[in-house]
Amino acid sequence: MSQELNDQEIVRREKLQKLSEMGIDAYPAAAFDVNYNSQQILSEYNDDVKNFQDVSIAGRIMSINSKGKVTFFKIQDQKGKIQLFVSIDNVCPGEDKTFYTSVVTHLLDIGDFIGVKGETFITKTGEISIRVKELTVLSKALRPLPVVKVKDGETFDAFSDVELRYRQRYVDLVVNPQVRETFLTRSKMVQTIRDFLNEHGAIEVDTPVLQSIPGGAAARPFETHHNALDIPFYLRIANELYLKRLIVGGFDWVYEFSRNFRNEGIDRTHNPEFTVLEFYVAYKDYFWMMDYTEKMMEKIAIAIHGTTEVPFGDKILSFKAPFKRIAIYDAIKEYTGFDVSEMNEEQLLDVCKQLHIQTDKSMGKGKLIDEIFGGKCEGNFIQPTFIIDYPVELSPLTKKHRSKPGLVERFELMINGKEIANAYSELNDPLDQRARFEEQVKLQERGDDEAMFIDHDFLRALEYGMPPTSGIGIGIDRLAMLMTNQAAIQEVLFFPQMRPENL
RNA sequence: GAUUUCGUAGCUCAGCUGGUAGAGCAAUACACUUUUAAUGUAUGGGUCAUGGGUUCGAAUCCCAUCGAAAUCACCA
């Protein structure tokens, strides 16, 4: 960071110096006791009763409007903004008026934190305000805050540069209330999910982020190195295999909000680290999981929007259960006209060619079907839809379908044309699992750099016996985007990953 | 990783076909004891992302680099 200060930064440092010369500590250590927040006062003040006559409140100065011997401040606390009325005689009742003429009118800036004590009243123009009797400087801001003004719902001089907003999220949160709202909604969503799971007896657990064998998903991992052990570690791409080990260990229902890391491109729907809720329930199958998932989704929508109908862009997404269910082969048939259910690799390659889907040598049968679905079908499922019964080649951790040969008991939940969740009846046959891993090794040898590694300890766990289990992974960031009507994942992550800034 | 667009004062933006920069807000000073995008008067503030090049002269044209966004590719 350049050490050169601009005029406003210099002025603020000078003000800090003046405060100090007056014996005022701009960064006092003592606690400032607050008895109400802005929202309580604004919603509960009654001018007939004259309540809130002994208010102590603190916040950040968002605007200053000096009228001479009277100055209006708007301060912002966690709940909103409230106006302060500071008059020279109220704040300096004696002969000495210097506190008002120096501190109040010259040394305070937008961005500073202050605490005040006073009484609530209504100004001539009808705004509930606090008549300040005592004002304490709590923290001096040395950088100017962007000043966003709003009149009649129209915003002026919005702090809107996305690069600045993401890099300096703290500023974004201070001046853009809608950004704060988005993150509060995300938090509420996570809380709703956690409550829902806890109510049903699920146990929240933590599993390793540093793994020597990255498993549970098809993705390129980040690699790191442990110095003392002198071995490579990978940042987890999924926590699936660990949660299943816990099912083996006798926990019947476990969940984890898992921060996953994948070494892939960054765009408006991808961040290198992202959050997936995974949970596994013993003695259940994927039908049960579909029922449970749609109930959970319905609950989230209602908790946030008060209804199952959720606005997203120019669409309305209906989270009213039950959701539509369609087999992947039927979906492909519907949107491409091809029945790929009986096709071999060669025939699938031909279909891809006809549909102008790019292929390469590393792609096996499962991958080709996935490409066709991803390229031609996925985007059509706007309303929440379960795509079910995937080909076995695509799903190395999934139990074979009870009645449909070549398929597995798996579903993906599609919303707004994107995959939001992925779930299955978990494969618990250790011999079958070993064979599936070996298939993955063959794919690796063909050049598929996302094929899974064999996790021998996981196989050992399965050999001790895992009850029939259903598990799911739900993309929390993507779900948050849907619930907050945001088109970019960066808008639902406090600190989205960016190239380092040259400071 | 590819293509396109963008980067001008603390913030939001003007700056047409090249003639060394403007506005609003913010800041500074003064006035004003109920303002509300407060107002009025005056003032200061920018190596125009960075480095090269073309030119008598570059914010403007060309090249490279750095950052961002959109569309692809990869994926959740």
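So you know, we letter chains A, B, ... as the sequences are listed, proteins then strands, and number each from 1. Predicted, not measured: the structure shown is a model, and the values here were computed from it.
A/Lys418 comes within 4.0 angstrom of nothing in the nucleic acid, heavy atoms only. In this structure, A/Lys97 reaches neither bases nor backbone, as no heavy-atom distance under 4.0 Å exists between it and the strands shown. Residue A/Glu419 is classed as a sugar-phosphate contact, given heavy-atom separations below 4.0 Å to backbone atoms only. Note on A/Asn271: a base of the nucleic acid sits closer than 4.0 angstrom, heavy atoms only. Residue A/Phe159 is in sugar-phosphate contact alone, with no base atom involved, counting any heavy-atom pair closer than 4.0 Å across all strands shown. Backbone-only engagement by A/Arg167 is indicated by non-hydrogen atom pairs under 4.0 Å involving sugar-phosphate atoms exclusively. When heavy atoms are screened at a 4.0 angstrom cut-off, A/Arg478 is found touching base atoms of the nucleic acid. A/Phe73 comes within contact range of no nucleotide atom at all, as no heavy-atom separation falls under 4.0 Å. Across all strands shown, A/Asp267 has heavy atoms under 4.0 Å from base atoms, whether or not it also approaches the sugar-phosphate.
Checking B/A73, B/A27, B/U35 against every side-chain atom of A/Asp109, the shortest atom distance belongs to B/A27. The side chain of A/Lys124 approaches B/U34 more closely than any other nucleotide in the set B/A69, B/U34, B/U35. Closest to the side chain of A/Glu163, from the set B/G67, B/A76, B/U12, is B/G67. Residue A/Glu264 has its side chain nearest to B/C74 when only B/U35, B/C74, B/A68 are considered. In the set B/A27, B/G67, B/A76, the nucleotide with an atom closest to the side chain of A/Ile110 is B/A27. When distances are taken from the side chain of A/Ser160 to each of B/U34, B/A76, B/U12, the shortest belongs to B/U12. Picking from B/C32, B/A69, B/U28 the nucleotide with the shortest atom distance to the side chain of A/Ser66 gives B/C32. The nucleotide whose nearest atom lies closest to any side-chain atom of A/Arg131 is, among B/A69, B/U34, B/A27, B/U34.
Aromatic rings from A/Phe121 and A/Phe85 are positioned such that their centres are separated by under 6.0 Å. For an aromatic pair to be called close, the ring centres must be under 6.0 Å apart, and A/Phe494 with A/Tyr170 fails this.
The distance between atom NZ of A/Lys69 and atom P of B/A31, rounded to the nearest whole Å, is 8 Å. Rounded to a whole Å, the NZ atom of A/Lys81 is 12 Å from the P atom of B/A37. In this structure, A/Asn263 atom CG and B/G1 atom C1' are separated by 13 Å, rounded to whole Å. For the pair A/Met498 CE and B/G67 C1', the computed distance is 8 Å after rounding to whole Å. One interatomic measurement links the two molecules: CD of A/Gln497 to C1' of B/A76, which rounds to 17 Å at whole-angstrom precision. In this structure, A/Ile489 atom CD1 and B/A70 atom P are separated by 13 Å, rounded to whole Å. What separates CG of A/Asn65 from P of B/U34 is a distance of 11 Å, to the nearest Å. Across the protein-nucleic acid pair, A/Ile415 atom CD1 and B/A76 atom C1' stand 13 Å apart, rounded to whole Å.
Contacts with RNA chain B (heavy atom under 4.0 Å) in residues 149-158 of chain A: A/Lys149, A/Val150, A/Lys151, A/Phe156, A/Asp157, A/Ala158, listed by number.
A 4.5 Å side-chain heavy-atom check between A/Ile57 and A/Val116 finds at least one atom pair inside the cut-off. When side chains are defined from C-beta on, A/Ile266 does not count as touching A/Met498, because their heavy atoms never get closer than 4.5 Å. Looking only at side-chain heavy atoms (C-beta outward), A/Gln354 and A/Thr336 stay at 4.5 Å or farther from each other. Using a 4.5 Å cut-off on side-chain heavy atoms (C-beta onward), A/Glu273 and A/Gln497 make contact.
Between B/C13 and B/A58, the distance separating the two P atoms is 28 Å to the nearest Å. Separating the P atom of B/C61 from that of B/A73 is a span of 32 Å, rounded to the nearest Å. Of the P atoms belonging to B/U17 and B/U54, the separation is 23 Å, rounded to the nearest Å. B/U43 and B/G67: their P atoms are spaced 42 Å apart (whole Å). Using atom C1' as the reference point in both B/C48 and B/C6, the two lie 14 Å apart (nearest Å). Here, B/G46 and B/U71 have their P atoms 38 Å apart, quoted to the whole Å. A distance of about 15 Å separates the P atoms of B/A29 and B/G44, rounded to the whole Å. The separation of B/A64 from B/A38, taken at their P atoms, amounts to 47 Å, rounded to a whole angstrom.
Of the nucleotides present, B/C66 is the one that pairs with B/G7 by Watson-Crick or G-U wobble criteria, both distances under 3.5 Å. If you check B/U54 for Watson-Crick or wobble pairing at under 3.5 angstrom, you find it has no partner at all. Using Watson-Crick or G-U wobble geometry with both donor-acceptor distances under 3.5 Å, B/A2 finds its partner in B/U71. In this structure B/C48 sits in no base pair that meets the Watson-Crick or G-U test at under 3.5 Å. In this structure, B/U43 forms a base pair with B/A27, meeting either the Watson-Crick or the G-U wobble geometry with both donor-acceptor distances under 3.5 Å. In this structure, B/U35 forms no base pair with any nucleotide, since neither Watson-Crick nor G-U wobble geometry is met with both distances under 3.5 Å. Under the Watson-Crick and G-U wobble criteria, each requiring two contacts below 3.5 Å, nucleotide B/A76 is left unpaired. B/C13 is paired with B/G22 under the Watson-Crick or G-U wobble criterion, all donor-acceptor distances under 3.5 Å.
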For nucleotides 2-10 of chain B, print each protein N/O atom paired with a nucleotide N/O atom at under 3.5 Å, atom names and distance only.
| from | atom 1 | to | atom 2 | distance (Å) |
| --- | --- | --- | --- | --- |
| B/G10 | O4' | A/Asn6 | ND2 | 3.4 |

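Ion pair A/Glu378/A/Lys418 not flagged as a salt bridge, since none of the NZ, NE, NH1 or NH2 atoms sits closer than 4.0 Å to an Asp/Glu carboxylate oxygen. A salt bridge links A/Lys442 with A/Glu439: the distance from a Lys NZ or Arg NE/NH1/NH2 to an Asp or Glu carboxylate oxygen falls below 4.0 Å. Salt-bridge formation is not detected for the pair A/Glu426/A/Arg410: no Lys NZ or Arg NE/NH1/NH2 atom is positioned less than 4.0 Å from an Asp or Glu carboxylate oxygen.
Ring orientation note: the planes of A/Tyr36 and A/Phe52 are nearly perpendicular, at an angle over 60° on the 30°/60° scale.
Between A/Arg268 and B/U71, a side-chain N or O to OP1/OP2 separation shorter than 4.0 Å is present. Phosphate proximity of B/C30 to A/His106: present, with a side-chain N or O under 4.0 Å from OP1 or OP2.
A/Arg186 places no side-chain N or O within 3.5 Å of a backbone atom of A/Ala480 that could act as its donor or acceptor partner. No donor-acceptor pair closer than 3.5 Å links the side chain of A/Arg60 to the backbone N or O of A/Gln76. For the pair A/Arg169 (side chain) and A/Leu493 (backbone), a donor-acceptor distance under 3.5 Å is present.
Summary of the strand contacts: A/Ile64 and A/Ser87 both lie near RNA chain B, and taking for each the nucleotide with the nearest heavy atom, the more 5' one is attributed to A/Ile64. Two residues, A/Asp161 and A/Ile420, neighbour RNA chain B, and the one matched to the more 5' nucleotide by heavy-atom proximity is A/Asp161.
Remark: of the listed residues A/Glu14, A/Lys15, A/Glu21, A/Glu21 is the sole one forming a side-chain hydrogen bond (donor to acceptor under 3.5 Å, both in side chains) with A/Gln17.
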